[in-house]
Amino acid sequence: ESTTWKGDTYTFEQAEFIPGNVILQDSQVSSPEIIEIEGALTLVGGVSQIKAKQLIVHGDVILNNASLLNLDLVAGMHVKGSNGLRIIDNSILSVPQARILPLKRLSPLYIEVDNTIDISNDSMIHVDSKGYPGGYAGPEFTKHHGTNIGCHVGVADFMLKECVYDDYRKPVFAGSGGERVAGGGTINIKANALLHHGRISANGAMAEQNDYPGAGGAIYLDIGTYQGTGSILANAGRSGGSVGSSGGAVSLVVDQLIDTPFIEAIASEGGSFAGTGTVWIRESNSDGKLIADAANPAATASTLLRHVG
């Protein structure tokens with residue numbers, strides 16, 4: 001048995017259980033409650049969005065044929081299939097942009113996969129520019145008040161240290177917006193294995209002219225076995241002038257690290273004075289390693305490590 005959602009809007013008024021497999025293409029699907037799929041979910045192209053309290057898929061989830069899937073889920077997506085989640089063939093898994101009206105709301109990307117996540121070298125999971133919008137700051141979604149623009153784990157420009165927020169070991173907050181552009185969003189992934197040859201990113205947006213760019217977002221990965229040559233990025237957006245914003249926070253907690261990933265969480269390139277982001281890597285039976293690499297030699301502002309012990 002198979003259900004096809006193609007080129008249309010599908011609205012459910014309550015929790016929905018869909019028997020068999022689902023094929024999704026260029027469609028909008030929504031429910032105020034849980035959407036549960038008995039079999040596999042396969043995306044075969046176009047731009048689609050699923051909005052619900054939670055998405056539970058008992059089979060595998062496959063994104064191929066240059067599919068873009070935006071997930072707007074309160075409690076995230078849980079994939080239970082034996083092969084897990086595959087993002088291949090120029091496909092992207094992401095979330096919608098933050099909203100200000102009628103209510104302020106972010107859409108973090110929460111994913112739990114019982115088995116393997118496989119990201120091909122031409123595909124990605126990203127929440128770039130999906131954090132706090134321009135003019136707004138974390139962690140409480142407040143308007144900029146002059147000292148919290150472009151902040152996250154580091155400060156922006158000459159801003160005060162009180163604007164720094166988040167836990168580098170398990171970051172949960174998006175990056176603050178710049179003057180007119182958004183910070184990076186939030187990714188939280190738990191999986192038995194990650195085969196990663198593409199990109200996982202929560203970058204802030206590039207600045208317009210001499211404005212502050214968006215700060216880097218947050219990526220937390222709780223993985224059994226990590227393998228692959230892909231990149232993991234939570235960088236601030238590039239500055240259009242002399243000012244900069246904070247890098248984001250990346251945390252990789254892994255039982256077995258087969259390959260060393262490329263991870264970066266730097267402050268704005270092109271600007272100066274912004275605090276760098278943080279990279280935390282902890283393998284099982286180790287104390288963990290914290291990296292705060294400015295990369296930009298002009299990045300002279302502070303990165304404040306909150307007490308988390």
Side-chain angles (χ1 to χ4, degrees), residues 108-109 125 127 131 138-139 148 150-157 159-176 183-191 194 196 199-204 214-237 244-269 271-309:
L109 183 58
I125 296 174
V127 292
N148 59 355
C151 290
H152 194 172
V153 291
V155 302
D157 203 18
M159 299 302 148
L160 303 177
K161 66 180 181 180
E162 282 75 12
C163 79
V164 175
Y165 58 91
D166 227 342
D167 177 351
Y168 68 85
R169 296 186 306 184
K170 190 173 183 179
V172 297
F173 293 109
S176 294
T186 300
I187 294 174
N188 185 306
I189 295 176
K190 180 179 176 61
L194 174 58
H196 178 35
R199 190 179 98 194
I200 298 173
S201 62
N203 295 325
I219 300 176
Y220 177 72
L221 305 176
D222 183 356
I223 307 297
T225 302
Y226 179 96
Q227 184 175 2
T229 57
S231 60
I232 303 170
L233 310 171
N235 296 328
S245 294
S246 167
V250 177
S251 176
L252 173 60
V253 178
V254 60
D255 292 336
Q256 183 181 16
L257 195 61
I258 295 176
D259 297 311
T260 301
F262 176 79
I263 305 179
E264 196 172 62
I266 61 174
S268 300
E269 293 184 1
S272 60
F273 310 117
T276 187
T278 57
V279 174
W280 170 251
I281 302 174
R282 184 174 68 82
E283 293 185 71
S284 59
N285 302 318
S286 76
D287 294 331
K289 176 171 65 174
L290 175 63
I291 303 168
D293 183 1
N296 175 6
T300 56
S302 299
T303 296
L304 180 65
L305 301 180
R306 297 293 188 191
H307 176 72
V308 294

**Student:** To the nearest 0.5 Å, how far apart are OG in S246 and CG in N148?
**Tutor:**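 It is 12.5 Å, given to the nearest 0.5 Å.
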**Student:** Quick one: does P171's side chain get under 4.5 Å of I219's, heavy atoms only?
**Tutor:**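 They are not in contact (no side-chain heavy atoms under 4.5 Å apart), so the answer is no.
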**Student:** Could you grab the distance from atom OH of Y165 to atom CZ of F173, nearest 0.5 Å is fine?
**Tutor:** 8.5 Å
**Student:** Can any side-chain N or O of S245 pair as donor or acceptor with the backbone N or O of A215 at less than 3.5 Å?
**Tutor:** no
**Student:** Could you go step by step and tell me if V155 and V164 meet the side chain to side chain contact (heavy atoms under 4.5 Å, CB included) rule?
**Tutor:** CA-CA 6 Å; V155 302; V164 175; 3.4 Å; yes
**Student:** Under the 3.5 angstrom rule, does the side chain of S268 hit a backbone N or O of G237 as a donor-acceptor pair?
**Tutor:** yes
**Student:** Spell out, as yes or no, whether a donor-acceptor pair under 3.5 Å connects the side chain of D166 to the backbone of V153.
**Tutor:** no
**Student:** Using a 4.5 Å cut-off on heavy atoms from C-beta on, say whether the side chain of I189 contacts that of I223.
**Tutor:**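 When only atoms from C-beta onward are counted, I189 and I223 do touch, with a gap below 4.5 Å.
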**Student:** Work out which heavy atom in A174 is nearest to a heavy atom in G131; give both atom names and the distance.
**Tutor:** CB-CA, 3.6 Å
**Student:** Within a strict 4.5 Å, meaning less than it, do heavy atoms of the S251 and L221 side chains meet?
**Tutor:**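 They are not in side-chain contact.
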**Student:** Looking only at the side chains, is there a donor atom on one of D259 and Q227 sitting less than 3.5 Å from an acceptor on the other?
**Tutor:**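 The criterion, which ignores hydrogens and geometry beyond distance, is not satisfied for Q227 and D259.
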**Student:** For a 4.5 angstrom cut-off between non-hydrogen side-chain atoms, does T278 reach V250?
**Tutor:** no
**Student:** Quick check against the 3.5 Å criterion: does S176 have a side-chain atom that pairs as donor or acceptor with the backbone of C151?
**Tutor:**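 Between the backbone of C151 and the side chain of S176 there is a qualifying donor-acceptor contact (under 3.5 Å).
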**Student:** Would you compute the distance between atom CD1 of I281 and atom NZ of K289 and round it to the nearest 0.5 angstrom?
**Tutor:**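 Here the interatomic distance stands at 5.0 Å.
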**Student:** Just by distance, do the side chain of T276 and the backbone of G247 share a donor-acceptor pair under 3.5 Å?
**Tutor:** no
**Student:** Is there a side-chain contact between V253 and Y220 (heavy atoms, below 4.5 Å)?
**Tutor:**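 They are in side-chain contact.
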**Student:** With S286, which residues qualify under side chain to side chain contact (heavy atoms under 4.5 Å, CB included), at least two apart?
**Tutor:** R282, E283
**Student:** Are Y226 and I232 packed together at the side-chain level, in the sense that at least one heavy-atom pair is separated by less than 4.5 angstrom?
**Tutor:**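 Sidechains of I232 and Y226: in contact.
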**Student:** Run the side chain to side chain donor-acceptor pair (under 3.5 Å) test against S201 and tell me which residues pass, sequence neighbours left out.
**Tutor:**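 S201 satisfies side chain to side chain donor-acceptor pair (under 3.5 Å) with D128, R199 only.
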**Student:** Could you tell me whether the side chain of H152 and the main chain of G216 form a donor-acceptor pair under 3.5 Å?
**Tutor:**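 Looks like yes, one N/O pair under 3.5 Å.
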**Student:** How would you list, by chain and number, every residue that makes a salt bridge (charged side-chain N to carboxylate O under 4.0 Å, His left out) with D222, sequence neighbours excluded?
**Tutor:** K190
**Student:** Please name the residue in the list L233, L194, L109 that meets the side-chain contact (heavy atoms from CB on, under 4.5 Å) test with I200.
**Tutor:**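 Of the listed residues L233, L194, L109, the side-chain contact (heavy atoms from CB on, under 4.5 Å) partner of I200 is L194.
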